[in-house]
Amino acid sequence: MDKIKIKDLEVFANHGVFPEENTLGQKFIVSADLYTDTRKAGKTDDLTVSIHYGEVSAFIEVWLKKHTYKLLESAAENLAEELLLKYPGMRAIRLEIKKPWAPIRLPLKTVSVEIERAKHTAYIAMGSNMGDREKYIKDAVKLLDSVRGCTVKTVSDLIETPPYGVTDQDDFLNGCLELETLLTPRELLGELNRIEAEAGRERIVHWGPRTLDLDIIFYDDITVQEKDLCIPHVEMHKRKFVLEPLAQIAPYKRHPVYGKTVTEMLGELE
């Protein structure tokens, strides 16, 4: 991606572990790389299709003055999140906050925290075979869209499918959605588990009946292999009830391990 750079913006604010830092305040120096696509702005010479670095700089100053944190880590984390939420064209940010002459009773010129944060794309599979199946799924979409840092971009049609694994149960309604998120995979899993629990999900029988089932199928192009989190979903390439709705919204999304598109994997099953 292209970058718009803000370097060494000076802000007088009240952040620090010591009470006098929060009361008296001190100077902080902020630098930021704003990752975006400048092609359209470059072709049209139109500021409205770019990110206004003057507005961003003013926002950083006001925001750092308005809030107080003990840790630079907290200030950087929360500021980066606010900027990514405020500016739709900002896909990622590298943010550094420097604290000159930090009070550690040693001859230190400056200390800083530098982080990189970005917007990610996740695909979530949804299923239900108990009660009002459609309502459970639609409510889950609304709840996920309301999570801070999450925006539902596209939702597939819902399809009815026979049960998988344990076949002595009612048919499922299944669908998929595309999610833009600032959450990490682990944080996203926590939100999905919370929404399932609010829908009355009980994990009693593996592959058994459930009011709501939410699974991370893809998260960007990363792979994760942990005890309770596997991305891409370990069985997704075998499940037509996942691939069929997923093909509606991401037909050419490529599996980062197998190298096949969703359409190709669905064609192999059919």
Side-chain angles (χ1 to χ4, degrees), residues 1-42 45-122 147-151 180-188 190-191 219-220 222 224:
M1 287 180 286
D2 304 321
K3 287 189 292 187
I4 296 173
K5 299 175 72 71
I6 297 171
K7 188 173 182 180
D8 295 341
L9 172 67
E10 295 186 10
V11 180
F12 192 89
N14 301 71
H15 306 286
V17 173
F18 300 113
E20 56 269 25
E21 294 180 290
N22 303 153
T23 304
L24 299 176
Q26 60 198 298
K27 183 172 73 173
F28 295 86
I29 300 173
V30 182
S31 296
D33 292 345
L34 315 177
Y35 292 86
T36 185
D37 184 354
T38 66
R39 176 73 173 181
K40 189 174 182 180
D45 204 25
D46 182 359
L47 179 58
T48 64
V49 295
S50 186
I51 297 174
H52 193 319
Y53 59 78
E55 290 183 359
V56 174
S57 298
F59 179 86
I60 290 172
E61 181 188 34
V62 171
W63 193 91
L64 284 174
K65 286 177 174 290
K66 181 179 178 181
H67 298 83
T68 297
Y69 293 100
K70 292 181 179 179
L71 302 181
L72 286 180
E73 293 92 324
S74 295
E77 189 70 49
N78 286 279
L79 177 56
E81 181 177 285
E82 288 291 338
L83 288 167
L84 286 167
L85 290 174
K86 183 173 176 62
Y87 296 96
M90 191 185 303
R91 300 303 306 167
I93 183 171
R94 184 201 63 79
L95 179 67
E96 182 181 24
I97 302 179
K98 296 180 182 179
K99 186 177 184 179
W101 309 293
I104 63 169
R105 299 178 181 178
L106 288 170
L108 174 71
K109 184 176 181 181
T110 185
V111 66
S112 70
V113 168
E114 181 177 335
I115 65 173
E116 293 186 16
R117 298 293 181 264
K119 295 172 180 174
H120 305 278
T121 299
V147 173
R148 181 174 172 80
C150 290
T151 302
E180 182 180 271
T181 184
L182 301 182
L183 302 181
T184 66
R186 177 64 60 183
E187 290 167 343
L188 179 56
E191 289 296 330
Y219 182 101
D220 291 340
I222 71 167
V224 178

With [X], which residues qualify under side chain to side chain donor-acceptor pair (under 3.5 Å), at least two apart?
| X | value |
| --- | --- |
| Ser112 | Glu96 |
| Glu10 | none |
| Thr68 | none |

*Run the side chain to side chain contact (heavy atoms under 4.5 Å, CB included) check on Thr121 and Asp220 step by step: do they pass?*
CA-CA 5 Å; Thr121 299; Asp220 291 340; 4.0 Å; yes
*Verdict with supporting geometry, Tyr219 and Val224, side chain to side chain contact (heavy atoms under 4.5 Å, CB included)*: CA-CA 9 Å; Tyr219 182 101; Val224 178; over 6 Å; no
*Just by modelled atom types, is the Ala41 backbone N or O under 3.5 Å from a matching donor or acceptor in the Asp46 side chain?*
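Not confirmed, Asp46 side chain does not pair with Ala41 backbone.
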At their closest point, which heavy atom of [X] faces which heavy atom of [Y], and how far apart are they?
| X | Y | value |
| --- | --- | --- |
| Asp33 | Lys5 | OD1-NZ, 3.0 Å |
| Ser57 | Leu9 | O-CD2, 3.6 Å |
| Leu95 | Ala80 | CD2-N, 3.9 Å |
| Ala75 | Leu64 | CB-CD2, 4.5 Å |
| Tyr69 | Ser74 | CD2-CB, 3.6 Å |

*Lys109 and Lys98: CA distance, side-chain angles, deciding distance, side chain to side chain contact (heavy atoms under 4.5 Å, CB included) verdict*: CA-CA 10 Å; Lys109 184 176 181 181; Lys98 296 180 182 179; over 6 Å; no
*Among all residues two or more places apart in sequence or in another chain, which pass the side-chain contact (heavy atoms from CB on, under 4.5 Å) test with Thr36?*
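Once residues adjacent in sequence are excluded, the partners of Thr36 under the side-chain contact (heavy atoms from CB on, under 4.5 Å) criterion are Ile4, Thr38, Ile51.
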Which donor-acceptor pairs under 3.5 Å do side chains of residues 81-90 form with protein atoms, sequence neighbours excluded?
residue	atom	partner	partner atom	Å
Glu81	OE2	Arg148	NE	2.6
Glu81	OE2	Arg148	NH2	3.2
Glu82	OE2	Arg148	NH2	2.5

*So Leu183 and Glu191, side chain to side chain contact (heavy atoms under 4.5 Å, CB included) or not? Walk me through it.*
CA-CA 9 Å; Leu183 302 181; Glu191 289 296 330; 3.8 Å; yes
*In this structure, are over 12 heavy atoms from other groups packed under 6.0 Å from Lys70 atom NZ?*
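12 or below, so no.
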Interatomic distance, [X] atom [atom1] to [Y] atom [atom2] [nearest 0.5 angstrom]:
| X | Y | atom1 | atom2 | answer |
| --- | --- | --- | --- | --- |
| Asn78 | Leu71 | CG | CG | 11.0 Å |
| Arg94 | Ile6 | CZ | CD1 | 11.0 Å |
| Tyr35 | Lys119 | OH | NZ | 15.0 Å |

Between side-chain atoms of residues 22-31 and protein atoms elsewhere (two or more places apart, or another chain), which donor-acceptor pairs fall under 3.5 Å?
residue	atom	partner	partner atom	Å
Asn22	ND2	Gly16	O	3.0
Thr23	OG1	Pro19	O	3.1
Gln26	NE2	His15	O	3.2
Gln26	NE2	Glu21	OE2	3.1
Ser31	OG	Asp8	N	2.9
Ser31	OG	Asp8	OD1	3.4

